[in-house]
Amino acid sequence: MRIVFILALLANSIDLVVTALGIHWLGNREGNPLLALLAHGRWGLFVLVKGLLVPLLIVGLYTLRRRTPVVASAGLAVVLVVLTVALGQWLGWMAGVLHVNLLAHL
């Protein structure tokens, strides 16, 4: 359970960094796959949600593991899967943009 907790926090942090790179460096106008409207329209609020509220949700789920282990485990697993999928989408998109830009310069 501890490894799922750490992976969920790590995936959330990496997703926030990749979102920042995608929007501000590579010009992705759609924003984060999970929070597209928030990332595009209100960057500060998006950072607050991804940087504070999502980690608090993860920590909250982890602290529930003694009282309701099934719910806590399921919640952490869902958060981890969703964040991993979002991160994979971002990395794939960024790799595609970089590849197309590289081919355009040839």
Quick one: do Leu83 and Leu87 satisfy side chain to side chain contact (heavy atoms under 4.5 Å, CB included)? Show the steps, please. CA-CA 6 Å; Leu83 288 172; Leu87 185 57; over 6 Å; no
Do Tyr62 and Ile6 sit in the same hydrophobic cluster, where Ile, Leu, Val, Met, Phe, Trp and Tyr count as joined when their side-chain heavy atoms come under 4.5 Å apart? yes
Do Phe46 and Leu16 have side chains that approach each other closer than 4.5 Å (heavy atoms only, starting at C-beta)? yes
Donor-acceptor contact present, side-chain Thr63 to main-chain Gly60, <3.5 Å: yes
Hey, any chance Val18 and Leu52 share a hydrophobic cluster, counting ILVMFWY side chains that come within less than 4.5 Å of each other, even indirectly? yes
Taken to the nearest 0.5 Å, the spacing of Asp15 CG from Gln89 CD works out to 9.5 Å
Val82 with Leu64, same ILVMFWY side-chain cluster at under 4.5 Å: no
Residues passing the side-chain contact (heavy atoms from CB on, under 4.5 Å) test with Pro55, sequence neighbours excluded, are Leu9, Asn12
To the nearest 0.5 angstrom, please state how far the CG atom of Leu56 sits from the CG atom of Leu61. 11.0 Å
With hydrophobic residues grouped by side-chain heavy-atom distances under 4.5 Å, do Ile58 and Val70 end up in a single group? no
Think Arg2 forms a cation-pi with Phe5, using NZ or CZ under 6.0 Å from the six-ring centre and within 45 degrees of its axis? no
So which atom in Val79 and which in Ala8 form the shortest heavy-atom distance, rounded to 0.1 Å? CG1-CB, 4.4 Å
Cluster link Leu98 to Val17, ILVMFWY, side chain under 4.5 Å: yes
Pair Leu80-Leu76, side chain to side chain contact (heavy atoms under 4.5 Å, CB included): steps then yes or no: CA-CA 6 Å; Leu80 179 59; Leu76 274 174; over 6 Å; no
